[in-house]
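Contents: one structure, followed by commentary.
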Amino acid sequence: MSLLKETLLVFTDLDGTLLDIHTYDWQPAALWLEKLQDHQIPVILCSSKTAAETLEIQQDLGLEGLPFIAENGAVIQLDVRWNDHPDAPRLINGTPHSDIKEFIDTLRERGGYKFTTFDDVDEKTIGEWTGLNRERSTLARLHEASVTLIWRDSDVRMTQFETELTQLGFTFVQGARFWHVLDARGGKDQAVNWLIDEYRKREGFVPTTIGLGDGPNDAPLLDNVDYAVVVKGINRLGITLQDDIPERVYHTQQSGPEGWREGLDHFLSGPRHTT
């Protein structure tokens, strides 16, 4: 039986996966997005972006009202139909942004670590870093439960910084371009499993899941889905998965939305899933 006829959920990273890392173009993925929508299969965005950014991107992609995961799992937007849920419309996992900012500012002052956060600069600088327009750069600063930064110190100092964060109950996550600090109680893995469980309880089915990602911060997502697509990315370290076998994991030859399309072609169009 085709996975398209099953109770399927698609979890996807954005930058470097569904969106081109440089241009943010998603058109190569458009046919699959339409096909999934035709089959009423939820496409759940799962990235380091803020909720404000992700809501705008949902509109761009025609995915309004669906759940999404923002800030690497620190924020979960619920399905619009679940408005009776006690956490509606949005669940914040752990420590709020303002407290994390205060903690890492203190660490930087005390330890002399060299990094620049999104809070240290204005929208114009974020636009220069990311290629986003001014409106989207403004949204990129609206963190609710994490801090995004550029690391400007040595690898040895990074290890020291990460150790201090861990002792405070935070985790240090590498994305395609930036580093992110969030509560250890967050994470893409925990957010994905929370949403899967909500679908099980609210929709009455055990979903089959596919995840797509390109950066180290996507490993927790890809380790917690049934089928994983590792989209060819720019990170030199790549992604290390716990259960990287061909039956479950596909590594694309193409990057960005072309790789996204290639991955879904592999799992949703191939003979392995037809009778």
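These numbers come from the heavy atoms of this one structure, side chains and all, not from hydrogens, waters or symmetry mates. Since the model is a prediction, treat every value here as computed from it, not as a measurement.
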(message) Assigning hydrophobic clusters by single linkage (Ile, Leu, Val, Met, Phe, Trp, Tyr; side-chain heavy-atom cutoff under 4.5 Å), is F11 placed with V230?
(response) yes

(request) Tell me whether the centres of the aromatic rings in F115 and W179 are closer together than 6.0 Å. (result) no

Using the side chain to side chain contact (heavy atoms under 4.5 Å, CB included) rule, pick out the option among [options] that qualifies with [X].
X    : options             : answer
F178 : T130, L149, V173    : T130
V75  : H97, R90, H143, K49 : R90
I104 : L168, L165, D99     : L165

Measure from the side-chain N and O atoms of [X] to the backbone N and O of [Y], and report whether any donor-acceptor pair falls under 3.5 Å.
X    : Y    : value
E71  : S146 : yes
E102 : S98  : no
K232 : G259 : no
R248 : V225 : yes
N193 : D189 : yes

(request) Specify the closest pair of heavy atoms between T95 and D183, including all atoms of both residues, with the distance to one decimal. (result) OG1-OD2, 2.7 Å

(message) Checking side-chain hydrogen bond (donor to acceptor under 3.5 Å, both in side chains) between T17 and each of D218, D214, T252, which is the one that passes?
(response) D214

(request) Check whether any side-chain heavy atom of R141 sits under 4.5 Å from a side-chain heavy atom of E123, and report yes or no. (result) yes

(message) Side chains of L18 and L61, heavy atoms from C-beta outward: is any pair under 4.5 Å?
(response) yes

(request) Could you grab the distance from atom CD of E164 to atom CZ of F103, nearest 0.5 Å is fine? (result) 12.5 Å

(request) Please name all residues satisfying ring pair (Phe, Tyr, Trp, His ring centres under 6.0 Å) with H22, sequence neighbours left out, ordered by chain then number. (result) none

